[in-house]
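Keep in mind the model is a prediction, meaning the values are calculated, not measured. Counting convention: from 1, in listed order, for ligands and their atoms alike.
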Amino acid sequence: MTLQEHIAQVAQQVEQFSASSQEALEALRIKYLSRKGEITALFEELRAVPKEEKAQYGQPLNLLRQKAEARINELRELLAQKKAADDVASADLTRTPDPIAIGARHPLSLVREEIIDIFSRIGFTVADGPEVEDDEHVFGLLNFAPEHPARDMQDTFFVEKEEGVQKPTDILLRTHTSSVQTRVMTEAAERLRSGEQSSIRVLCPGRVYRNEAISARAHCFFHQVEGLYIDKNVSFADLRQALLYFAKEMFGADTQIRLRPSYFPFTEPSAEMDISCNICGGTGCAFCKGTGWVEILGCGMVDPNVLEACGIDSKVYSGYAFGMGVERIANLKYRVKDLRLFSENDIRFLGQFQSC
Ligand code: PHE
């Protein structure tokens with residue numbers, strides 16, 4: 001067979017290329033286009049052709065190779081399309097999709113929202129205020145004497161501090177959200193006086209800072225929800241009733257509370273509230289150190305000095321306040337042993353809290 005006849009023969013075979021699978025197609029490619037393939041062999045034959053005749057074969061041979069390559073690519077494309085169509089036809093459209101990993105809300109957000117939700121059902125609304133505060137709103141208006149130890153460097157992170165002044169004007173990171181309460185009271189004072197507003201009933205959630213060494217049980221920042229209710233004739237019984245309602249809603253209907261006398265500069269009388277241990281039910285366990293009670297918040301009747309400092313007439317108005325740590329409540333609810341887990345953003349920890 002002459003080279004010309006051979007080219008014509010292979011060209012005819014290329015015209016008839018067909019394949020029913022990618023494997024068959026690959027076999028065709030190897031048969032014709034690989035290093036030992038038929039078309040490659042034609043190029044080998046070309047070498048033996050006398051120089052003057054070479055030009056005559058070179059072009060048809062190149063064309064043949066291009067055609068074979070194009071045909072193989074075309075068939076590959078057709079096979080892929082057919083497979084895609086088959087896949088759709090045979091897909092089980094009733095099958096449930098793979099689960100999508102959705103995020104979970106942070107446990108502290110969940111607990112904060114739950115606290116807000118419980119108190120909002122008895123008329124409390126949320127008030128907000130700055131984390132970087134002045135001395136007056138964090139301490140001054142709250143009846144802290146200028147030399148009160150809570151103002152000390154050991155507890156407070158100061159942003160700007162002036163030593164030895166009569167009336168501190170320091171800028172600091174708030175150590176409690178009672179600072180928001182002083183803002184709410186001073187802003188509402190005028191409206192209370194004119195009768196435009198009859199009472200104050202706010203919750204102050206937010207992050208607070210204290211200069212403490214970080215450990216499993218303490219952190220240099222944590223979260224609080226504080227509450228304030230001011231009206232005419234607010235009594236300690238009102239405070240106790242609101243807190244009992246909260247404890248039962250948060251920890252279950254069987255929960256009991258007890259109030260122990262305590263001291264805060266801004267409340268008089270002041271108390272600390274314990275709930276019956278929600279782990280052992282009050283019989284005594286390691287968590288409650290065998291006492292059956294766990295402390296969850298501080299509270300008291302707003303000191304008349306605080307009302308007066310904020311411009312509210314303490315002969316007309318009285319009020320109660322309370323404040324709790326969100327981490328503390330979350331620990332009781334979820335039994336988290338190490339406080340640091342709340343701020344480390346470890347997905348293995350966070351993923352355990354279902355949002356809905
Ligand atoms: N502000 C107090 C604290 O941070 C909590 C508190 C609020 C106590 C209101 C009594 C009344 O510890």
Side-chain angles (χ1 to χ4, degrees), residues 108 112 115-116 119 124 126-131 133 135-145 148-152 154-157 172-185 200-212 217-231 234-244 246-247 257-275 294-307 309-310 312 314 317-329 331 339:
L108 294 181
R112 183 195 58 220
I115 298 169
I116 291 173
F119 280 106
F124 282 82
V126 170
D128 205 3
E131 291 183 18
E133 259 292 9
D135 180 282
E136 192 183 10
H137 286 94
V138 178
F139 299 125
L141 294 173
L142 286 163
N143 205 29
F144 284 83
H148 193 283
R151 280 185 155 118
D152 201 279
Q154 306 214 328
D155 291 311
T156 309
F157 286 115
L172 42 92
L173 300 184
R174 66 182 180 196
T175 56
H176 54 184
T177 59
S178 305
S179 56
V180 183
Q181 304 185 351
T182 52
R183 287 191 175 272
V184 170
M185 283 189 279
I200 296 173
R201 206 190 305 241
V202 287
L203 286 177
C204 310
R207 180 174 287 182
V208 300
Y209 301 82
R210 289 184 197 177
N211 194 356
E212 293 198 24
R217 311 203 51 167
H219 212 297
C220 59
F221 66 80
F222 60 98
H223 300 79
Q224 284 189 325
V225 177
E226 295 212 352
L228 172 72
Y229 174 45
I230 291 177
D231 205 336
V234 178
S235 71
F236 200 89
D238 296 326
L239 169 63
R240 189 179 188 286
Q241 196 55 32
L243 294 179
L244 178 63
F246 165 72
I257 64 166
R258 80 176 179 189
L259 292 162
R260 281 179 291 105
S262 184
Y263 173 77
F264 299 102
F266 36 88
T267 45
E268 180 60 35
S270 303
E272 238 137 353
M273 184 174 102
D274 299 338
I275 57 164
V294 283
E295 183 191 319
I296 65 161
L297 56 79
C299 59
M301 301 306 290
V302 181
D303 193 301
N305 286 346
V306 172
L307 294 174
C310 294
I312 297 171
S314 65
Y317 289 96
S318 55
Y320 65 66
F322 56 85
M324 67 188 93
V326 180
E327 279 83 349
R328 176 104 187 119
I329 307 288
N331 273 343
L339 208 57

Inset, instruction - Could you tell me whether Arg260 and Glu295 have a side-chain N and a carboxylate O separated by less than 4.0 Å? - result: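 Salt bridge present between Arg260 and Glu295.
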Legend entry - Whether Phe139 and His176 hold their rings parallel, tilted or perpendicular, with breakpoints at 30° and 60°: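 Taking His176 first and then Phe139, their aromatic rings sit tilted (interplane angle of 30° to 60°).
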Provide the number and element of each atom of ligand 1 under 4.0 Å from a heavy atom of [X].
| X | value |
| --- | --- |
| Cys299 | 8 (C), 10 (C), 11 (C) |
| Phe266 | 1 (N), 2 (C), 6 (C), 7 (C), 8 (C), 9 (C), 10 (C), 11 (C) |
| Arg210 | 3 (C), 4 (O), 12 (O) |
| Ser178 | 1 (N) |
| Gln224 | 3 (C), 4 (O) |
| Ala321 | 9 (C), 11 (C) |
| Phe322 | 7 (C), 9 (C), 11 (C) |

Legend entry - Shortest non-hydrogen separation from Ser179 to Val138 and the atoms involved: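 Smallest heavy-atom distance, with atoms named: CB-CG2, 3.9 Å.
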Inset, instruction - Check Arg112 against Pro205 and note the closest heavy-atom contact, atom names and distance. - result: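 Shortest heavy-atom separation between Arg112 and Pro205 comes out as CD-CB, 3.9 Å.
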Inset, instruction - Answer yes or no: is there a donor N or O on one side and an acceptor on the other, between the side chain of Glu272 and the main chain of Ser262, under 3.5 Å? - result: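 Absent.
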Inset, instruction - Around atom 5 (C) of ligand 1, find the nearest protein heavy atom and jot down its residue, atom name and distance. - result: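 Answer for atom 5 (C) of ligand 1: Glu226 OE2, 3.4 Å.
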Legend entry - Whether over 12 other heavy atoms sit under 6.0 Å from Glu131 CD: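 It does: Glu131 CD has more than 12 such atoms within range.
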Inset, instruction - Return the option from Gly298, Ser270, Ala271, Gly325 holding the heavy atom at the smallest distance from atom 8 (C) of ligand 1. - result: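 Nearest heavy atom to atom 8 (C) of ligand 1 lies in Gly298.
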Inset, instruction - Report yes if the distance between the aromatic ring centroids of Phe124 and Phe246 is under 6.0 Å, otherwise no. - result: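 For Phe124 and Phe246, the ring centres are not under 6.0 Å apart.
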